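Just so it is clear, the structure is predicted and the values come from calculations on it, not from any experiment. Computation of the quantities below employed the complete heavy-atom set of this structure, encompassing side-chain atoms and omitting hydrogens, waters and symmetry-equivalent molecules.
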Amino acid sequence: MATKDSAQVPPDEVDRDLEEVIPEISYDAQRYESRPARLRPRARRRRLEKVVPAPPFAADGRNPAYVTWLVEQSMLGDAKMMGRQLTGDHAMWASPYAAPDPRSAVDTASVWYTAYPLSLMTRPGHSFLAALGAEDLWAAFAKIGIEAVHTGPVKLAGGISEWEPTPSVDGHFDRISMVIDPLFGTEDEFRAMCEAAAAHGGTIIDDIVPGHTGKGADFRLAEMNYRDYPGVYHMVAIPKEGWHLLPDVPEGQDSVNLDSEAERALADAGYIIGALQRVIFYEPGVKETNWSATRPVYGTDGVERRWVYLHYFKDGQPSINWLDPTFAGMRLVMGDALHSLLDLGSGGLRLDANGFLGVEKSVGGMLPAWSEGHPLSQAANQLIGSMVRKVGGFTFQELNLTVDDIKNTGAVGPDLSYDFITRPAAQYALATGDSEFLRLMLNESLLAGVDQASLVHALQNHDELTYELVHFETRHADDTYSFGGQELTGRELAEQIRQTLRDRLTGEAGPYNAVFTQNGIACTTASVITATLGLTDLSALTDADVATIRDMHLLISMYNAFQPGVFALSGWDLVGALPLDRSQVKRLISSGDTRWIERGSYDLMGWVPDADQSTAVMPRATALYGPLPEQLEDPDSFASRLAKILRVRKRHGLATGRLVAVPEVGHKSLLVMVNELAIGATQVTVLNFSGERLSARVQSNAIPTGRVIDLTTRRKVDVVDDLGGFTVTLPPYGGAALIVKEDLPASE
């Protein structure tokens, strides 16, 4: 670990009583001694392990056999079944649910491994879920300090075309069923995985998608105008006299994206609300607006209809309507959540696309329509978060909106929020060796009242390195910020940060990384670092290069771990994965989705050392660090040094502390975070984002006088003077977690 080389004040005594600073009990036990244990009711979904076989009849809404076939595999049908079993159950009232409880969620599991089903390499004949329940995997996780696994989406996704399934268009985030996809395993294997996690004191985190589904049975029934199903979606039946406003659907497709002219014409005619605040995944000729029109479809009443439906993301992800009179969409989402928690046994849920649940015309009919930061999104998230807490679970959101929106939604809904606030800023600090933008974002977060303990501070996940500059490009576009010796508007600041990241991490600087639409950069954590170091040929890395990459990887890990909140990392991080060559995923990136270069498969446990792809046929990525069993035998490996970082974090309760100050610094590469721990002690995290050894003064009004102790070595570093300052020395790309002991006068 980088802290091991930190130069200390001439070695005083090791602080033998340091372990007494924080008792190793839970946050709940410290704060709420009388809080009752959380209880859970149980319920089971209909016992349909696979999609119902297709009868040999016409796939038409006028055919009752086809309609019945769709109903039997619909999510809304399963939700009704789940809800009816739980109605009147006394255990539904056993847990508090009104207010988000981030510290309780963090206390449940503060270090997460985020899996990606397509990329995990398993033992021959073992499924993804069976692999995640393996005893040797959980034993390795326990040695490192990993307490939870976020599985990623594992339920059936994609769509249905007539009788045939169609593949996922967005990495299984276009769910069409509550059935586990056989590609990943079975429901019984999911339950066994939950039991394996519990045996090691861990938990499993599943996904729900409250913003959209795929084009599965529920959407096909909605097109047929069957019962409540159209109420699941934000879709409008266009009368035949308005069909001339709709584009023709190309042969072989079931819908076509509207161009801006058609969108405007339909809005002017009063059929749809028109353009929204932005078009996510915008691509000319593919997705120019957030609306698509269906082909003509016969309903169960024999009437032929064409619909226009909303999709914030891809056209295969129709958006759920949270304010339809049937409340069918709400029932579907709640049923899916309850199935994961009470039938499968997960302890928490990730809410995907949960910031886009409300949409309406702007005042006076002006464009664009109001679609982000809408009160309905907050209300819907409050309902989801409350329902999950009511049955003893917790939720976290991935909300790529402004800091204000993250704060407001987190105040009433999910317990935790993905750290879209500082994640790109930390990557910016890594890429530039300058912490100014990171300090700006941390202080912006403090100003907005965001509790760092409510955030999931993550390294890589399945998505691109998103710029996350919505805060500066929308609500705060005209605000003024001091940055780099200049006064910039939010809009100007966003463009400067975005362009700097592109220049430093892609193109000639990082030819193996790729820009992903307008959202960010497709890369791995390791390839962010290689581009930063000017290493353009990944096939020519030396042992010295890998050692520096590892140090920088541990530095960004320390940033995420040595502060309040959840620390999350992926398998790509654990093995030090590099991006795939574009030629290896040529078909997958042909539509412009460059994220597939960062999703190479990896052998976390050395189960299949000779395999060149996962069972999902994802090509194997180059891994700089190797499998976990080998790493855990080497004290200098990434995993072993990470374990030391996480032991410090766990032993001293850093995860449930509170960030109180991010002071100015005398060196641009230095970052200082002052935290207050649950017991009231002051903890200081100091990081060096440069490749030079750094001796620096740390000073803040939030730091009391006392002895400064390194939590890793338990040795005294310095004494805080009357100005609230002390000096610390850090190695290149090094860091330290320090604590101030106030039991002795500062003069000693």
Spacing of L628 atom CG and L604 atom CG [to the nearest 0.5 Å]: 4.0 Å

Test item: side-chain donor near acceptor, S110 and E147, under 3.5 Å: yes

Minimum side-chain heavy-atom gap L438-V662 below 4.5 Å: no

Full working for salt bridge (Lys or Arg N to Asp or Glu O under 4.0 Å) between R350 and D207: CA-CA 5 Å; R350 170 189 181 269; D207 289 71; 3.2 Å; yes

Pair T685-M558, side chain to side chain contact (heavy atoms under 4.5 Å, CB included): steps then yes or no: CA-CA 9 Å; T685 294; M558 279 189 277; over 6 Å; no

Aromatic ring pairing H462/Y116, orientation class (parallel under 30°, perpendicular over 60°, tilted between): parallel

Criterion side chain to side chain donor-acceptor pair (under 3.5 Å) on D573 and S570, from CA distance to verdict: CA-CA 5 Å; D573 290 299; S570 67; 2.9 Å; yes

Check: L459 and H553 side chains under 4.5 Å, non-hydrogen atoms: yes

Check: V528 main-chain N/O paired with T532 side-chain donor or acceptor under 3.5 Å: yes

Basic-acidic side-chain contact under 4.0 Å: R697, D721: yes

Note, V575 side chain near D603 side chain (heavy atom, < 4.5 Å): no

Worked verdict on L654 versus L711 for side chain to side chain contact (heavy atoms under 4.5 Å, CB included): CA-CA 11 Å; L654 273 59; L711 291 175; 4.1 Å; yes

Heavy-atom closest pair, residues G510 and A531: CA-CB, 4.2 Å

Salt-bridge criterion met for R620 and D610 (N-O under 4.0 Å): no

Test: D636 and R550 ion pair at under 4.0 Å: no

Steps toward side chain to side chain contact (heavy atoms under 4.5 Å, CB included) verdict (L624, L578): CA-CA 8 Å; L624 299 180; L578 297 174; 3.9 Å; yes

Any side-chain heavy-atom pair of N513 and L465 under 4.5 Å: no

Flag side-chain contact, heavy atom, 4.5 Å: F128 against T615: no

Where at least one partner belongs to residues 424-437, residue pairs that pass side-chain hydrogen bond (donor to acceptor under 3.5 Å, both in side chains), sequence neighbours excluded: S435-R439

Gap between atom CZ of F567 and atom CG of N560 - 0.5 Å precision: 6.0 Å

Spacing of CD1 belonging to I597 relative to SG belonging to C523, to within rounding of 0.5 Å: 8.0 Å

Y625 and F638 aromatic ring geometry - parallel, tilted or perpendicular at 30°/60° bounds: parallel

Atom pair OH/CZ of Y559 and F689 - distance to nearest 0.5 Å: 7.5 Å

Derivation and outcome, side chain to side chain contact (heavy atoms under 4.5 Å, CB included), residues V566 and F396: CA-CA 10 Å; V566 167; F396 83 99; over 6 Å; no

